[in-house]
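Keep in mind the model is a prediction, meaning the values are calculated, not measured. The chains referred to below are lettered A, B, ... by the order of the sequence lines, with proteins before strands, and numbering in each begins at 1.
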2 protein chains.
Amino acid sequence: MGYTVSKVAERTGLTISTLRYYDKEGLLPFVDRTAGGARNFKESDFEWLAVITCLKQTGMPIKRIKQFIDWCLEGDATLERRLNVFVEHKKEVNAQIAALKEYMKKIDYKIWYYETAISAGTEAVHNGEKCKLLDKDAEENDL
Amino acid sequence: MGYTVSKVAERTGLTISTLRYYDKEGLLPFVDRTAGGARNFKESDFEWLAVITCLKQTGMPIKRIKQFIDWCLEGDATLERRLNVFVEHKKEVNAQIAALKEYMKKIDYKIWYYETAISAGTEAVHNGEKCKLLDKDAEENDL
DNA sequence: CCTTGACCTATAGTTAACTTTATCTTGTAT
DNA sequence: ATACAAGATAAAGTTAACTATAGGTCAAGG
């Protein structure tokens, strides 16, 4: 009973190779093994995987995730450090969101730029004086 | 009369190697050269670099950026395709922002989890019946 | 018993995006 | 003239995060 690596892959969307790779990197020390040596995931392991996936998808490198997992195994002595992982990471993710929103302004400008050019039939429409003004506005959004 | 590669690096925050690498990959076909063969960036090139940086920082691979640059060189015949690049990319960036916001819920939960544990002096505070309920709520945010 | 499919480990290979290194050329200051 | 800083190219090296391959083990079905 429990889940084989392929069942976990199916349910999480991670590949079998990725799960084994994470295990090798020390991210899954909590996963049990059968007598024969096969990984035997339990229900609660999915919560660990969800946390790992959250951190990875928000840009935390695997080495830092491993550090966090290691601290988890050390128990209550590392609670402050573990809190700090998330407090710091939250700042980083907020910065990512802010940066993406800022870049989105440039993308929206480009959409407007090409829609206007297509309407006019040529990109040359953006060479006049009026458009230099518009370009100026856009440049203020440069990153 | 123009900017050297090191001046451009200084102003944009990109490294000299990165600029040369982008050039080699075909991202900077618009950059002039001096008689001696040195790159000679002009003011308008910074706008190109800003677009390239925007696309790269929002996750577009260099090969796709090159495709876009190539279309730019082809003139008005590719206006629709270029618009499409930004329309599609906008969707991707919106998806990224949405995903990050979703993951943020889990990060916030973890901050709450560790703050509560630290207040209690032990992580064991999250083992009771009441906390299983709270865990359930959190699991609904799993990704 | 034996085949078959899923599992295992270890190791090698891949890809993207740079970065470093080696070697050469150019342009300005003494 | 000459030194030397800054520019150039080509090619090799790096890093992260997988992905694929080779070779072996185990457990259930025929």
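- Rounded to an integer number of Å, the gap from A:Leu19 CG to C:dA6 P is 17 Å.
- Inter-residue side-chain proximity for A:Thr12 and A:Thr53 is flagged as unmet; no heavy-atom pair is nearer than 4.5 Å.
- Checking the phosphate oxygens (OP1, OP2) of C:dT9, a side-chain nitrogen or oxygen of A:Arg39 falls inside 4.0 Å.
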Less than 3.5 Å apart, which donor and acceptor atoms pair up between the side chains of residues 87-96 of chain A and the rest of the protein, not counting sequence neighbours?
residue: A:Glu88; atom: OE2; partner: A:Lys91; partner atom: NZ; Å: 3.1
residue: A:His89; atom: NE2; partner: A:Thr58; partner atom: OG1; Å: 2.6
residue: A:Lys90; atom: NZ; partner: B:Asp108; partner atom: OD1; Å: 2.6
residue: A:Gln96; atom: NE2; partner: A:Thr58; partner atom: O; Å: 2.8

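- Taking the ring-ring contact (aromatic ring centres under 6.0 Å, His included) definition, one finds that B:Phe41 meets it with nothing, sequence neighbours left out.
- When the P atom of C:dC8 is taken as reference, atom CG of A:Asp32 falls 13 Å away, rounded to whole Å.
- Separating the CG atom of B:Asn40 from the P atom of D:dG7 is a distance of 12 Å, rounded to the nearest angstrom.
- For A:Pro61, the side chain to side chain contact (heavy atoms under 4.5 Å, CB included) partners are A:Arg64, not counting sequence neighbours.
- When the P atom of D:dA5 is taken as reference, atom NZ of B:Lys7 falls 17 Å away, rounded to whole Å.
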Original post:
What is the per-nucleotide protein-contact pattern of nucleotides 11-30 of chain D, from the 5' end, where B denotes a base atom under 4.0 Å from a protein heavy atom, S denotes such proximity for sugar-phosphate atoms only, and - denotes neither?
Top reply: ------BBB------S----

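- In this structure, the ring-ring contact (aromatic ring centres under 6.0 Å, His included) partners of A:Phe68, at least two apart in sequence or on a different chain, are A:Phe86.
- For the atom pair CG of A:Leu19 and CG of A:Asp23, the computed distance is 8.5 Å after rounding to the nearest 0.5 Å.
- As judged by a 4.0 angstrom heavy-atom cut-off over every strand, A:Arg33 is placed among residues touching the sugar-phosphate backbone only.
- Between B:Glu10 atom CD and D:dA6 atom P there is a gap of 12 Å when expressed in whole angstrom units.
- Not one side-chain nitrogen or oxygen of A:Ser6 sits closer than 4.0 Å to the OP1 or OP2 atom of C:dA6.
- Per the geometry, CG belonging to B:Asp23 stands 9 Å off P belonging to D:dA8, to the nearest Å.
- Legend: residues meeting ring-ring contact (aromatic ring centres under 6.0 Å, His included) with A:Trp48, ordered by chain and number and at least two apart, are A:Phe30.
- Between B:Glu25 atom CD and C:dT19 atom P there is a gap of 13 Å when expressed in whole angstrom units.
- Atom CD1 of A:Ile16 is separated from atom C1' of C:dC7 by 9 Å (rounded to the nearest Å).
- When heavy atoms are screened at a 4.0 angstrom cut-off, B:Thr34 is found touching no nucleic acid atom at all.
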